[in-house]
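Reviewing the structure listed below.
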Amino acid sequence: MSSDQPIIDELRQLANPDKALVLQRFFKTGTGEYGEGDRFLGIPVPAQRIVAKTYRSADLSAIESLLHSPIHEHRLTALLILTYQFPKASPAQQKVLYEFYLNNTGSINNWDLVDSSAEYIVGAYLANKDKKPLYRLAHSLLLWERRIAMIACFHFIKHRSFDDALNIAELLLHDSHDLMHKAVGWMLREIGKRDINVLYDFLQQHYRVMPRTMLRYAIEKLSPRERQAYLRGTF
């Protein structure tokens, strides 16, 4: 039996075909959509977290096998296992997990996969290190690597360190993909929740050219009067 087989078996027992059909539509798996060809078992995320915690000591070969699966829940469970391993790993092992993550970004290929893992692995690893890898990711042709660059900054934002998040937000300001507009707007909103003046300063420089979705996400927590002023371009 392969080392990932017990995890696969446990996930299979949790499968819900009706929910799988809903998730396939929700995550845009149709031809030409961003999640084209992705397959689902229909397992709620809390149930996957329980499985991931149960197998949090899985070795990297098992995690890699799951991460290369065409089944979405296999990949998400693999990433959740990594997020549970990372905080308790030694510095040397954290480096291994971080490099493993970046070597497998082709399998971290939907927004929930990125959002459940990037800040906890990439952001956490780079917290006290050179942030150049984030800027390389922000320039990637791969949508998911650009999203990793932005969402990884959530770790810094939670520690009230905003500079890299703001710089990467500027780099991604004119990204062509709606999923990046949402990611950038979300991170700007999170900055605003911690220091509203930092958000105001960023908006003052950029709100007139920000994509509409990005702007809406960024100003979501502002007053109705402020939101209308930004949306009308009259702030």
Side-chain angles (χ1 to χ4, degrees), residues 22-30 32-38 40 45 72 75-76 79-80 83 101 105-123 134-158 162-196 198-224 226-233 235:
V22 174
L23 291 173
Q24 284 176 208
R25 290 192 295 270
F26 181 74
F27 283 100
K28 308 297 184 184
T29 63
E33 295 181 309
Y34 62 75
E36 181 176 354
D38 209 352
F40 286 81
V45 173
H72 191 97
R75 303 198 304 283
L76 179 54
L79 293 167
L80 293 173
T83 67
Y101 186 94
T105 53
S107 296
I108 307 170
N109 56 354
N110 216 311
W111 59 264
D112 64 318
L113 304 179
V114 173
D115 297 358
S116 298
S117 60
E119 65 168 294
Y120 303 107
I121 298 171
V122 179
L134 289 183
Y135 292 85
R136 287 196 293 270
L137 290 168
H139 285 101
S140 173
L141 296 177
L142 184 64
L143 164 64
W144 308 116
E145 290 190 342
R146 300 198 304 277
R147 189 164 175 114
I148 287 169
M150 190 73 260
I151 301 303
C153 293
F154 204 178
H155 180 88
F156 318 144
I157 292 168
K158 288 177 177 178
F162 307 133
D163 287 350
D164 290 294
L166 293 168
N167 290 339
I168 289 174
E170 284 189 328
L171 287 175
L172 297 171
L173 202 63
H174 302 294
D175 197 283
S176 62
H177 205 290
D178 183 65
L179 286 175
M180 288 310 306
H181 302 168
K182 293 176 180 178
V184 174
W186 172 24
M187 291 300 100
L188 291 172
R189 183 176 73 230
E190 292 297 333
I191 290 172
K193 286 162 65 174
R194 291 160 177 85
D195 191 328
I196 191 62
V198 175
L199 175 60
Y200 284 149
D201 288 346
F202 187 93
L203 291 173
Q204 192 59 35
Q205 294 179 62
H206 302 296
Y207 84 93
R208 290 183 177 86
V209 298
M210 290 169 70
R212 202 70 164 174
T213 296
M214 185 187 297
L215 179 60
R216 286 185 181 277
Y217 270 60
I219 65 176
E220 187 177 281
K221 298 299 181 181
L222 302 186
S223 70
E226 289 175 313
R227 292 200 304 272
Q228 285 304 310
Y230 279 120
L231 291 170
R232 289 172 180 161
F235 198 86

**Study point:** Side-chain (Arg147) to main-chain (Val114) donor-acceptor, under 3.5 angstrom
**Key:** no
Practice item. Could you tell me the separation between the CG atom of Leu188 and the CG atom of Leu166, rounded to the nearest 0.5 Å? Key: 7.0 Å
Point to revise | Minimum heavy-atom distance between Ser117 and Tyr101, given as atom pair plus value | key: OG-OH, 2.7 Å
Check your understanding: At what distance, to the nearest 0.5 angstrom, does CG of Leu171 lie from CG of Leu137?
Key -> 11.5 Å
Study note, to complete from the structure: Between Met210 and Ala218, the two heavy atoms sitting closest are CE-CB, 4.2 Å
Study note, to complete from the structure: In terms of heavy-atom contacts, Thr213 and His181 come closest through CB-CB, 4.1 Å
Practice item. Supply the atom-to-atom distance Asp178 CG to Trp111 CH2, rounded to the nearest 0.5 angstrom. Key: 12.0 Å
Check your understanding: Does the side chain of His155 come within less than 4.5 Å of Val122's, by heavy atoms?
Key -> no
**Study point:** For Ile191 against Ala165, the heavy-atom pair lying closest together
**Key:** CD1-CB, 4.0 Å
Review point. Should Cys153 and Leu134 be marked as a side chain to side chain contact (heavy atoms under 4.5 Å, CB included) after you check the CA-CA gap, both sets of side-chain angles, and the distance that decides it?
Key: CA-CA 9 Å; Cys153 293; Leu134 289 183; 4.1 Å; yes
Practice item. Run the salt-bridge test on Glu190 and Arg194 with the 4.0 Å N-O cut-off and return the result as yes or no. Key: yes
Review point. Closest heavy-atom contact between Ala169 and Phe202?
Key: CB-CZ, 3.9 Å
Check your understanding: Can you check side chain to side chain contact (heavy atoms under 4.5 Å, CB included) on Thr29 and Phe40, steps first, answer last?
Key -> CA-CA 10 Å; Thr29 63; Phe40 286 81; 3.8 Å; yes
Point to revise | Minimum side-chain heavy-atom gap Leu113-Trp144 below 4.5 Å | key: no
Check your understanding: Where the side chain of Arg146 meets the backbone of Leu141, is there a donor-acceptor pair that is under 3.5 Å apart?
Key -> yes
Review point. Quick one: CZ on Arg189 to NZ on Lys182, what's the gap to the nearest 0.5 Å?
Key: 11.5 Å
Check your understanding: Hey, are Glu145 and Thr105 close enough side-chain-wise for a donor-acceptor pair under 3.5 Å?
Key -> yes
Review point. Backbone N or O of Leu222 within a donor-acceptor pair of the Arg227 side chain at under 3.5 Å?
Key: yes
Point to revise | Test item: Phe156 and Asp163 side chains (from C-beta on) under 4.5 Å apart, heavy atoms | key: no
Review point. Looking at side-chain heavy atoms only, is the closest gap between Leu142 and Asn109 below 4.5 Å?
Key: no
Exercise for review: Kindly indicate, with the supporting measurements, whether the criterion side chain to side chain contact (heavy atoms under 4.5 Å, CB included) is fulfilled by Gln205 and Glu170.
Suggested key: CA-CA 10 Å; Gln205 294 179 62; Glu170 284 189 328; 4.1 Å; yes
Point to revise | Result of checking Asp175, Val209, Val184 against Met214 for side chain to side chain contact (heavy atoms under 4.5 Å, CB included) | key: Val184
Check your understanding: Under a 4.5 Å cut-off applied to non-hydrogen side-chain atoms, are Arg75 and Ile108 in contact?
Key -> no
Exercise for review: Could you pull out the closest heavy-atom pair between Ile157 and Phe162, with the gap in Å?
Suggested key: O-CE2, 3.7 Å
Point to revise | No-hydrogen, no-angle side-chain donor-acceptor test under 3.5 Å, Tyr135 and Asn167 | key: yes
Check your understanding: Roughly how far apart are Glu33 CD and Gln24 CD, rounded to 0.5 Å?
Key -> 11.0 Å
Review point. Just wondering, are more than 12 heavy atoms of other shown residues or ligands nearer than 6.0 Å to NZ in Lys193?
Key: yes
Check your understanding: Once you round to the nearest 0.5 Å, how far does OH of Tyr34 lie from CG of Leu179?
Key -> 5.0 Å
Exercise for review: Spell out, as yes or no, whether a donor-acceptor pair under 3.5 Å connects the side chain of Gln204 to the backbone of Tyr200.
Suggested key: no
Check your understanding: Under the side chain to side chain contact (heavy atoms under 4.5 Å, CB included) criterion, do Leu79 and Tyr120 qualify, and how do the steps go?
Key -> CA-CA 10 Å; Leu79 293 167; Tyr120 303 107; over 6 Å; no
Check your understanding: Can Lys28 and Asp38 be counted as an ion pair, charged N to O under 4.0 angstrom?
Key -> no
**Study point:** Leu23 side chain near His72 side chain, heavy-atom distance below 4.5 Å
**Key:** no
